[in-house]
Amino acid sequence: MTAKQPLNILKEAILLERRGKAFYSKVAEQAADSAVKEFFETMAREEERHIEILETQFAAYAQNQQFEPLSDVQKEEKTRANQVLSGDIKEKIAAAEFEAAAISAAMLMEERAVAFYGGSAKAADNPEEAMFYQWLSDWEQGHLSYLARLDKELRETVWNDRQFWPF
């Protein structure tokens, strides 16, 4: 991989994360319920954290063509969104069609991020670079898995409420 490719990947990644942050922030801004608002604000903060990490890596790579190793703290970072979501919030999201639709849109964004980072990890020649992209892919996969589980629970709630079950 040429030296320019990692910089282009990092630029694309920063843009991807900024779009995610803007999306989650807008949904949080429009959420009527404070708990639902908190959930989307947490997602926006996680995207902001990704941006910070990516910008640090961009600066390091631009300066010395090397990725900085992830700290032990960074390696242990996981999605925090599932820590703020209670059954009560799920009911409020299910009742608010806009927020429920936002979950579906968010899943598409996270799928794109997982694929982008995963593909970048496989294409990377440098082990530190590959590990960094894979770490990002895994973190985004955590978001995706969580959102998919939430989407399934919301769908089942709607189906139950509207008696869509055939039995």
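What you are looking at is a predicted structure, and each value in this text was computed from that prediction instead of being measured.
In this structure, Leu147 and Met43 approach most closely via the heavy-atom pair CD1-CE, 4.1 Å. Closest approach of Leu144 and Glu110 over heavy atoms only: CB-CB, 3.9 Å. Here the shortest heavy-atom pairing between Gly20 and Glu47 reads C-CG, 3.9 Å. Shown here for Ala44 and Ser25, the closest heavy-atom pair between the two residues is CB-OG, 3.5 Å. Closest of all the heavy-atom pairs between Ala105 and Phe23 is CB-CZ, 3.7 Å. Closest heavy-atom contact between Ser104 and Asp151: OG-OD1, 3.6 Å.
With values rounded to the nearest 0.5 angstrom, Ile103 atom CD1 is found 8.0 Å from Tyr146 atom OH. Going from atom CG of Leu136 over to atom CZ of Phe116 covers 9.5 Å, rounded to the nearest 0.5 Å. Interatomic distance, CZ of Phe132 versus CD of Gln57, reported as 4.5 Å (0.5 Å rounding). With rounding to the nearest 0.5 angstrom, the CG atom of Leu15 is 9.5 Å from the CD1 atom of Ile51. Atoms NZ and CD, on Lys37 and Gln30 in that order, are 9.5 Å from each other to the nearest 0.5 Å. To the nearest 0.5 Å, the span separating CZ on Phe39 from OG on Ser34 amounts to 14.5 Å.
Residues Ser137 and Gln141 bring no donor and acceptor atom of their side chains to less than 3.5 Å of each other. For the residue pair Glu12 / Asn8, no side-chain donor-acceptor distance below 3.5 Å is found, with atom types taken as modelled.
A donor-acceptor contact shorter than 3.5 Å is absent between the side chain of Glu55 and the backbone of Ile14. Between the Asn64 side chain and the Gln66 main chain, no donor and acceptor come within less than 3.5 Å of each other.
With contacts defined as side-chain heavy-atom distances shorter than 4.5 Å, the pair Phe67/Leu10 qualifies. Looking at Phe58 and Lys11, their side chains come closer than 4.5 Å, going by heavy atoms from C-beta outward. Side-chain contact between His143 and Trp139 is present, with heavy atoms from C-beta onward closer than 4.5 Å. Annotation: side chain of Trp135 is in contact with side chain of Ile53 (closest heavy-atom distance under 4.5 Å).
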* Worked check of side chain to side chain contact (heavy atoms under 4.5 Å, CB included) between Tyr24 and Met109 -> CA-CA 11 Å; Tyr24 289 128; Met109 285 188 329; 4.0 Å; yes
* **Pair Tyr133-Glu129, side-chain hydrogen bond (donor to acceptor under 3.5 Å, both in side chains): steps then yes or no** => CA-CA 6 Å; Tyr133 295 146; Glu129 180 183 3; 2.9 Å; yes
* **Working for side chain to side chain contact (heavy atoms under 4.5 Å, CB included), residues Glu140 and Tyr117** => CA-CA 9 Å; Glu140 297 293 356; Tyr117 294 134; 3.8 Å; yes
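The pair Glu48-Arg45 does not count as a salt bridge, with every side-chain nitrogen at least 4.0 angstrom from each carboxylate oxygen. Between Glu29 and Lys26, at least one side-chain N (NZ, or NE/NH1/NH2) sits under 4.0 Å from a carboxylate O, which counts as a salt bridge.
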